[in-house]
2 protein chains.
Amino acid sequence: MKKIIHIIILETSYIIYEGLIKILNNSSFTFNIHFANNFNEMYQLNLRYNAEFIILNPLLIQNITKDFQTFQKESGNTRWIGIIYTHTDQQLLSLFDGIIYINETPNEINALIQKILNTENPLHNQNSQNEMLSEREVEVLKLLVNGNANKEIAEKLNISINTVITHRKNISQKTGIKSVSGLTIYAVVNSYISVDNMQ
Amino acid sequence: MKKIIHIIILETSYIIYEGLIKILNNSSFTFNIHFANNFNEMYQLNLRYNAEFIILNPLLIQNITKDFQTFQKESGNTRWIGIIYTHTDQQLLSLFDGIIYINETPNEINALIQKILNTENPLHNQNSQNEMLSEREVEVLKLLVNGNANKEIAEKLNISINTVITHRKNISQKTGIKSVSGLTIYAVVNSYISVDNMQ
DNA sequence: GTTATCATCATTATTAGTAATGAGGTTTCT
DNA sequence: AGAAACCTCATTACTAATAATGATGATAAC
């Protein structure tokens with residue numbers, strides 16, 4: 001007799017929710033799938049079922065990461081799977097035990113679940129990457145990747161252009177990225193700017 | 001007796017495909033749903049079924065918009081629905097009769113289909129790609145946003161730096177974007193480059 | 001109280017990018 | 001055959017960015 005694995009899904013997209021259920025039900029595992037409408041429902045459901053897996057969209061907890069981490073600690077043996085369909089901050093993803101990308105095949109998704117089941121539950125990363133860049137450097141970076149020239153940055157920050165150049169030199173040293181395009185990608189990946197806000 | 005509506009779906013995400021089927025089959029319409037693995041299969045399927053609707057991810061045709069538009073003209077009475085789950089270029093979306101966003105409810109999706117069925121099939125916008133970049137311009141853009149200087153681009157493409165400058169001038173005119181960072185975002189949004197490949 | 005990081009600014013020389021304009025040859029569509 | 005778009009290259013004058021180096025004061029850490 002197969003062991004029943006409880007899964008809680010918190011996902012606002014009905015299409016993805018139904019697609020996920022279809023894939024999970026076609027797998028070799030026996031799942032009992034519960035649907036949560038929001039973070040609180042997820043909490044209540046997990047109190048009752050002590051789910052092996054909780055699948056949710058990382059974007060739903062991006063503004064409440066502290067609460068989320070507290071919740072993770074309280075529910076020690078639950079594994080967390082993020083499901084993403086747009087670019088998402090790496091730091092956010094690091095809070096999860098595994099990530100399902102929207103384009104993955106059923107086989108890949110099953111392999112992920114199997115892999116997580118076979119590994120020990122690690123403590124989630126506490127040190128969510130110490131900010132490499134200083135406050136001022138981030139300010140300069142933001143203005144830079146928003147299309148400002150050094151001179152404009154200097155004017156907007158009320159500092160000398162020489163200072164801006166020094167900051168940029170330090171940013172490039174710290175990140176190892178010299179080009180503006182590379183720094184733009186860096187800023188996107190680290191959520192200093194949003195792609196969606198720019199066009 | 002209900003009329004059977006043929007739908008062809010071209011979507012690389014299994015999750016979304018299954019989710020869509022679930023929603024469509026729960027609607028008040030009677031659909032006959034066909035799955036296409038690629039553009040050519042879609043073409044063959046539509047020759048056979050002359051589908052009322054073709055649902056596909058706009059990203060799949062972003063690099064073959066001309067072929068796509070030719071196909072659209074040939075299959076006059078087919079309606080085109082884009083399904084999107086990440087930010088997508090507006091010009092690309094304008095080629096479709098309707099857009100399904102990943103977060104929409106079954107009711108919203110059904111309403112969209114009903115609405116399209118009730119409206120006359122308009123001729124698709126011919127002049128929607130006037131602002132598209134030429135092949136060479138895309139080559140230049142890609143090299144640029146990968147951190148190459150004009151001089152390096154010239155060397156890699158075996159053309160004069162003056163030509164590179166001309167291309168960049170034209171790119172900026174067409175896109176309305178001057179800064180390298182802005183063009184980087186543009187390239188990301190239009191999938192000329194991938195954020196994930198860069199870090 | 002020394003060490004380290006940060007934020008600020010400078011000089012000099014070199015290299016890179018921009019603006020404006022013109023122009024010739026090729027391809028594609030009508 | 002002609003129009004439109006594309007790809008190519010050039011000149012001139014101007015502005016911006018980079019590299020290398022040094023320096024000062026403020027704050028924070030141990």
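In what follows, every chain begins at residue 1, and chains take the letters A, B, ... in the order their sequences are listed. It should be emphasised that the depicted structure is a prediction, and the values quoted were computed from it without experimental measurement.
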Euclidean distance, atom CG of residue Leu144(A) to atom P of dA16(D) [Å, nearest integer] | 15 Å

May I have the step-by-step check of side-chain contact (heavy atoms from CB on, under 4.5 Å) for Ile54(A) and Leu10(A), ending in yes or no?
-> CA-CA 8 Å; Ile54(A) 294 183; Leu10(A) 173 53; 5.5 Å; no

If you count the non-hydrogen atoms of other residues, nucleotides and ligands that lie under 6.0 Å from CD in Gln173(A), is the total more than 12?
-> yes

Of the listed dC7(D), dC6(C), dC9(C), the closest approach to the Lys174(A) side chain comes from dC6(C)

Lys174(A) atom NZ, over 12 foreign heavy atoms within 6.0 Å | yes

Closer than 4.0 Å, any side-chain N/O of Ser134(B) to the OP1 or OP2 of dA5(D)?
-> no

Exercise: do Asn162(B) and Ser160(B) side chains pair donor with acceptor under 3.5 Å | yes

Does Thr163(B) have a side-chain nitrogen or oxygen under 4.0 Å from the phosphate oxygens OP1 or OP2 of dC9(D)?
-> yes

How about Phe96(A) and Phe68(A): are their ring centroids closer than 6.0 Å?
-> yes

Rounded to the nearest Å, what distance is computed from the CD atom of residue Glu137(A) to the P atom of nucleotide dT5(C)?
-> 12 Å

Roughly, in whole Å, what's the span from CZ in Arg136(A) to P in dA26(D)?
-> 17 Å

Just how far, in rounded Å, is P of dT5(C) from CD1 of Ile171(A)?
-> 17 Å

Between Arg136(A) and Glu139(A), does at least one N-O distance fall below 4.0 Å, as a salt bridge requires?
-> yes

For Ile159(B) and dC9(D), what is the distance between atoms CD1 and P respectively, to the nearest whole Å?
-> 6 Å

Go along nucleotides 15-21 of chain C 5' to 3' and tag each nucleotide: B for a protein heavy atom under 4.0 Å from its base, S when only backbone or sugar atoms are that close, - otherwise.
-> -SSBS-B

Specify the separation, in whole Å, of atom CG of Asn170(A) and atom C1' of dC9(C).
-> 13 Å

Protein-nucleotide distance (Asn162(A), atom CG; dT12(C), atom C1'), rounded to Å | 12 Å

